[in-house]
Amino acid sequence: MSQLKVYNSITRQKEVFKSITPGHVGMYVCGPTVSGESHLGHARPYITFDVIYRYLTFLGNKVRYVRNITDAGHFEEEGREAEDKISKKAVLEKLEPMELVQKYTNLFHWAMAQFNTIPPSIEPTATGHIVEQIEMIKKIIEAGYAYEVNGSVYFDVKKYAASHKYGKLSGRIIEDLLETTRELEGQEEKRDTADFALWKNAAPEHIMRWQSPWGAGFPGWHIECSAMATKYLGAQFDIHGGGMDLLFPHHESEIAQSTICNHTAPVRYWIHNNMITINGRKMGKSYNNVIKLTELFSGDHPLLEKAFHPMTIRFFILQTHYRSTLDFSNEALLASEKGLKRLWDAYENLGKLKQEDSLQEASDAGLESKVKKLVEEFDEFMNDDFSTAKVLANMFEIVPVINSMKDKTIPVSALSKQTFGLLQRNFKIWVEDIFGLKSVNEADNSKLQGVMQLLIDIRKEAKGKKDFVTSDKIRNQLAQLGIILKDEKGGDMSWNID
RNA sequence: GGUCCUGUGGCCGAGUGGCUAGGCAGAGCUCUGCAAAAGCUCCUACACCAGUUCGAAUCUGGUCGGGACCUCCA
């Protein structure tokens, strides 16, 4: 089998992946800020890294996957802010930060479950690691790379850049950063505009605040990831992932902090997913083009013609390489929906075919070698920087073979016992275990199965007597209920829920 | 303005210098009581201009277009 190669953002090239401790992989992925609802854009990194997590595990690694919850910072809930300003005094009418955080954390977990993502090994919260963050800031101050002003602490980028490569990851040039003339609030405290906050002084009315050696305040954005990654994965770990928009300043700053604190570069492989765009534009609050996940699942959004199943979104994302932008549209999602159905139906049909029907020798040598090659390429493509799109393309090339076997226009014995087994095993591993796809039909209970079998039997009898009025009645009325009944070759019938 | 990415058929998208993925949509045929599904076949594109090469969607330079980051945005 070929070696796994990953594109490393910091070296800008594909490198052979080798973990620090053989057989073990430490992976940190920047998690959500739970001050609002997740949208389609958020789905991309979590699905991408879920597949990476699953694949690394499949390769035999014990993976510790850490994904944080950013629940500290300056939070305001939309709509409730105004309410607060009317200065209601009652406790219950005021914004309670933890209530807000809990609400969106729950919603996030629910959405991730819908996508069938595996929960991370550790999901630390920023508020649960204030102590670690303060310790880290202290160390940086002691090392002389941070300074305190009015209860806030800033990282001294200029000093760091004198001996380290600040900007290496993001391709930023330190001189340009130092020259930036942008005027923002609170900037006057900093020695230099490029400096970033490690700790921020909080005004008394600020809703989230903790005691620190520098007074009451809250941690800077970047330090939380550094502190939690260090705590759970060590001073140096294998993979750090996140969206490309986090390259700068977030990840660049993480490198600086951790390097000063732990005297080593924190991350071996930086992996960044690209953005989901809508009409060519990144999906984001500031562009006013956000489609929330709840809206996507319900279809309740002006841009959506209908509701889309979470699995459709997952498949949609896997059809593209993770480092390419992915353009959203109704049409594209509709295409994914149909494509997924075609793949899933074939996958289910494959599972029902009997391996005993094949022999040691293949009766169709050409098909045998074609199918074998297509299946064996799964690993090769995935090892090439997780090319899920190419694996799926190969699967689709096999779909007609499976469907023909089901229709008996190609005998199962066209393939050798060995290759047929390979096909069945690998489809299961790749479709379910690695790509994490699952059935779109939620109703799979045995009573319904029984009722359907009864209707199918009655319809078969009617058809046998050429009583098409009855047979059509059954099929049409079921269709009205959203159950599609199909006649198959040989008189069998199959059904699924639309 | 600075740094970087990108431009593929009606749509979404893979693409490692030659063998020109895949999905969806569209057309025809087969199967079929009808329908649906399925199978087979067709539609063969790489923004533009120059260059390198026997050969370029792929490499180089330029032009034009789109985008990301430089704002606590995945």
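Proteins get letters first, then strands, A, B, ... in listed order; numbering begins at 1 in each. Note that these values count all heavy atoms, side chains included, but never hydrogens, waters or copies made by symmetry.
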Look at the side chain of [X] and decide which nucleotide, out of [options], has an atom nearest to it.
X      : options             : answer
A/K486 : B/C73, B/C12, B/A37 : B/A37
A/R44  : B/G39, B/C12, B/A74 : B/A74
A/S404 : B/G15, B/G39, B/C70 : B/G39
A/S324 : B/C69, B/G33, B/A14 : B/A14
A/F248 : B/C70, B/A74, B/C72 : B/C70
A/Y287 : B/G33, B/G39, B/C69 : B/C69
A/H321 : B/G15, B/G13, B/A38 : B/G15

Query raised in the report: On a plain distance test, is the side chain of A/D487 in donor-acceptor contact with the base of B/C34 below 3.5 Å?
Result: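 In this structure, the two groups form a donor-acceptor pair.
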Query raised in the report: Any donor-acceptor pair under 3.5 Å joining the side chain of A/R475 to the base of B/A35?
Result: yes
Query raised in the report: Would a 4.5 Å heavy-atom cut-off, applied to side chains only, mark A/P32 and A/H42 as touching?
Result: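 A/P32 does not reach A/H42 side chain to side chain.
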Query - Side chain to side chain, A/D156 and A/K158, heavy atoms closer than 4.5 Å - result: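 Contact flag for A/D156/A/K158 side chains = yes.
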Query raised in the report: Which whole-number value in Å describes the distance from A/N273 CG to B/C5 P?
Result: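 That distance rounds to 17 Å.
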Query raised in the report: How many Å lie between CG on A/N274 and P on B/C5, as a whole number?
Result: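 Atom-to-atom, A/N274 to B/C5, this comes out as 12 Å.
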Report task. Could you name each residue pair satisfying side-chain hydrogen bond (donor to acceptor under 3.5 Å, both in side chains) that touches residues 389-404 of chain A, not counting sequence neighbours? Result ->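 Non-adjacent pairs meeting side-chain hydrogen bond (donor to acceptor under 3.5 Å, both in side chains): A/E377-A/N394.
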Report task. For nucleotides B/U63 and B/G2, find the distance between their P atoms and express it as a whole number of Å. Result ->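 Straight-line distance between the two P atoms is 13 Å.
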Report task. Report the residue from A/Q319, A/K341, A/R314, A/E331 that forms a side-chain hydrogen bond (donor to acceptor under 3.5 Å, both in side chains) with A/S336. Result -> A/Q319
Report summary line: Writing each nucleotide of RNA chain B 5' to 3' as (, ), [, ], | or . by Watson-Crick or G-U pairing under 3.5 Å yields (((((((..(((.....[...))).(((((.......)))))....(((((..]....))))))))))))....
Report task. Rounded to the nearest 0.5 Å, what's the gap from CD1 on A/I276 to CG on A/N289? Could you check? Result ->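 These two atoms lie 11.5 Å from each other.
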**Report entry** Gap separating the CG atom of A/D487 from the NZ atom of A/K460, nearest 0.5 angstrom
**Finding:** 10.0 Å
Query raised in the report: Would you call A/D50 and A/R54 a salt bridge, using N to O less than 4.0 angstrom?
Result: yes
Query - Results of salt bridge (Lys or Arg N to Asp or Glu O under 4.0 Å) for A/K14 - residues two or more places apart only - result: A/D384
Each nucleotide N or O in nucleotides 19-29 of chain B that has a protein N or O under 3.5 Å away: list the pair and distance.
residue: B/A25; atom: OP1; partner: A/K338; partner atom: NZ; Å: 2.8

Check nucleotides 2-4 of chain B for protein N or O atoms closer than 3.5 Å to its own N or O atoms and list the pairs.
residue: B/G2; atom: O2'; partner: A/D176; partner atom: OD2; Å: 2.7
residue: B/U3; atom: O2'; partner: A/G171; partner atom: O; Å: 2.8

Query raised in the report: Sequence neighbours excluded, which residues qualify as side chain to side chain donor-acceptor pair (under 3.5 Å) partners of A/E368?
Result: A/S416, A/T419
Query raised in the report: Do the two ring centres, one from A/Y269 and one from A/F17, sit under 6.0 Å apart?
Result: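 Centroid distance A/Y269-A/F17: below 6.0 Å, so yes.
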Report task. Compute whether any side-chain donor of one residue and acceptor of the other, for A/Y322 and A/D385, lie under 3.5 angstrom apart. Result ->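 The answer is yes; a qualifying pair exists.
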